[in-house]
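All remarks here apply to the structure that follows.
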There are 2 protein chains.
Amino acid sequence: MARSARRGRRDSQETRQRIIDAALDALKREGFTGASARAIAEHGGFNQALIFYHFGTVNHLLLAALDETSGRRLAAYQTAVEQAKTLPELLQTATRLYREDLAAGHITVLNELIGASLAYPELRPEIAARVQPWVRFAEDVIVQALAGGPLAELIPSRDAAFATVALYLGMQMLTHLNGDNTATESLFATGERVAALLATLQP
Amino acid sequence: MARSARRGRRDSQETRQRIIDAALDALKREGFTGASARAIAEHGGFNQALIFYHFGTVNHLLLAALDETSGRRLAAYQTAVEQAKTLPELLQTATRLYREDLAAGHITVLNELIGASLAYPELRPEIAARVQPWVRFAEDVIVQALAGGPLAELIPSRDAAFATVALYLGMQMLTHLNGDNTATESLFATGERVAALLATLQP
DNA sequence: GTCTATACTTGGATAGAC
DNA sequence: GTCTATCCAAGTATAGAC
């Protein structure tokens, strides 16, 4: 009995995960408009009604999907950044992570949900709460990277963090729109050059 | 007869304009999801079928709306920027224009349509074509503003233009998400300080 | 050019069998 | 916990009267 209860719980967890994965896939491929319960269920190979049983509403599911992808991704960023503490190394790491995000569509999920939050205002605070850790993370990294350098007192870390996250979002949007990422790649290359220059001014 | 034909044409033009205005309003208030033919028609006080008579499909209408708002706005930017050629003046102008965009929701229209272009790929090139003039405009302004200064040879104008437009989009998204614009205001204030500093290094 | 009426499709959500 | 069947609301689009 304990066994079957455990089994039941594990199956339930597995199903939840399958649903979340399918929702992420739908968001990345078809955007918010295409991430309907029917579309998600069909693509994931399960029944549509399961979404409502496990998540109540489609929007709840999409938030759970954002939660998961954002959390996982932030952890990956934190791990990666720990290895790179000089400014040039940091830029290289950022370039690599950015390419990963672009290829996997991680940021698309966020962009689509922010767009949808106009129609569904109740999503707004939920999404904002999931973006906040990113701004904080960016600020921590920036503080460390600029410490002792000339930019540290010129540019408040909070502003730099906000701008960084905004730039990330905007770049992904434009890159997706253009269908090629040459502009992004060129920008990162320039960023790496500037970082190298700034590093020569650091203590 | 000529008179009635003229009248007919003028009425038709007026109707088109009313529909476009209502579509812009819907996009700004409710986003792409809320900009349905029914919602647009109800809010604009006209019949739903008119949309299909004048624009064929809802998406065609939304593109026409983007066309109009983007064109008008770009003209306003060009006029405003002609008056300000030093870097600090330019930043002040940008701050003012940005506040206008934010309050009027001009960028929201673009963000929503970019988001929707995932679900409707045929929108992508259309939107891209309407964004391109902005990147070009940004590049022109940047070239003039940085001419002779130290940044001119450090940062390719193309990269700076792309980054500027991306930053604009991202800032609007995050500002809308947070529900307040203190972060943006702070960032612009920092931008003005940096611009003032850079101006002292210009010839 | 504009309106009414309507065909058709898709989507959210629930009831009830299994 | 999962599936089938179904209700209802909302959307796009068109035909045809005015």
Side-chain angles (χ1 to χ4, degrees), chain A residues 1-23 26-27 29-65 112-113 116 118-120 122-123, chain B residues 1-23 26-27 29-65 112-113 116 118-120 122-123:
Chain A
M1 199 194 76
R3 191 194 146 91
S4 87
R6 220 182 296 123
R7 173 68 107 107
R9 216 180 306 124
R10 211 196 61 200
D11 285 357
S12 179
Q13 281 298 101
E14 280 178 16
T15 303
R16 274 183 66 96
Q17 194 57 50
R18 274 181 67 202
I19 298 175
I20 287 178
D21 290 345
L27 274 173
R29 285 181 307 117
E30 304 276 350
F32 181 82
T33 307
S36 69
R38 291 211 217 279
I40 293 169
E42 187 181 13
H43 187 257
F46 50 84
N47 194 283
Q48 184 240 101
L50 280 179
I51 289 174
F52 300 98
Y53 175 80
H54 284 283
F55 297 93
T57 69
V58 175
N59 281 351
H60 274 115
L61 165 59
L62 298 183
L63 279 179
E112 290 292 323
L113 287 181
L118 242 183
Y120 302 95
E122 68 273 16
L123 292 181
Chain B
M1 199 196 72
R3 191 194 145 90
S4 86
R6 222 182 294 127
R7 171 69 105 106
R9 217 181 304 125
R10 211 197 58 200
D11 285 356
S12 179
Q13 280 298 102
E14 280 178 14
T15 303
R16 273 183 67 96
Q17 194 56 51
R18 275 181 67 203
I19 297 175
I20 287 178
D21 289 345
L27 273 174
R29 286 181 306 116
E30 306 275 350
F32 181 82
T33 308
S36 69
R38 290 209 216 276
I40 293 170
E42 186 181 14
H43 187 256
F46 51 82
N47 193 283
Q48 182 240 102
L50 280 178
I51 289 175
F52 300 98
Y53 176 80
H54 284 283
F55 296 93
T57 69
V58 175
N59 281 351
H60 274 114
L61 165 57
L62 298 183
L63 278 180
E112 290 293 323
L113 287 181
L118 242 183
Y120 302 95
E122 68 273 18
L123 292 181

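In the text below, chain A, chain B and the rest are named by the order of the sequence lines, each starting its count at 1. Computed from heavy atoms alone, side chains included, the values below leave out hydrogens, waters and symmetry copies.
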In terms of side-chain heavy atoms of [X], which of [options] is nearest?
| X | options | result |
| --- | --- | --- |
| B:Q48 | C:dA13, D:dA13, C:dT4 | D:dA13 |
| A:R38 | C:dA13, D:dC3, C:dC3 | C:dA13 |
| B:S12 | C:dG1, C:dT2, C:dA13 | C:dG1 |
| B:Y53 | C:dT2, D:dT2, C:dA13 | C:dT2 |
| B:F52 | D:dT14, C:dC3, C:dT2 | D:dT14 |
| B:S36 | D:dG11, C:dA13, D:dT14 | D:dG11 |
| B:T15 | D:dT14, C:dT2, C:dG11 | C:dT2 |

**Q.** Flag if over 12 foreign heavy atoms under 6.0 Å of CD, B:E42
**A.**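 Count not over threshold, so no.
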Whole-Å gap separating [atom2] ([N]) and [atom1] ([X]):
| X | N | atom1 | atom2 | answer |
| --- | --- | --- | --- | --- |
| B:F55 | C:dT2 | CZ | C1' | 15 Å |
| A:I19 | D:dG1 | CD1 | C1' | 10 Å |
| B:H54 | D:dA13 | NE2 | P | 16 Å |
| A:Y120 | D:dA10 | OH | C1' | 10 Å |
| A:H43 | C:dG11 | NE2 | C1' | 19 Å |
| A:L50 | C:dA13 | CG | P | 15 Å |
| B:N59 | D:dG11 | CG | P | 14 Å |
| A:E42 | D:dC3 | CD | C1' | 16 Å |

Q) Which atom pair, heavy atoms only, marks the closest approach of B:H60 to B:F55? A)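 Smallest interatomic distance, heavy atoms only, reads CB-O, 3.1 Å.
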Q) Less than 4.5 Å apart, any side-chain heavy atom of B:L62 and any of B:I40? A) yes
Q: Report yes if the side chains of A:N59 and A:E122 come closer than 4.5 Å at any heavy-atom pair, otherwise no.
A: yes
Q) Which is true for A:A49 with a 4.0 Å heavy-atom rule: it touches a base, it touches only sugar-phosphate, or it touches nothing? A)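 Base, at least one base atom sits under 4.0 Å.
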Q. Rounded to the nearest 0.5 Å, how far does OG of B:S36 lie from NE2 of B:H43?
A.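 So the NE2 of B:H43 and the OG of B:S36 are separated by 12.5 Å.
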Q) For B:G45 and A:G56, take the nucleotide of DNA chain C holding the closest heavy atom to each; which residue's nucleotide lies nearer the 5' end? A)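 Nearest nucleotide further toward 5': that of B:G45.
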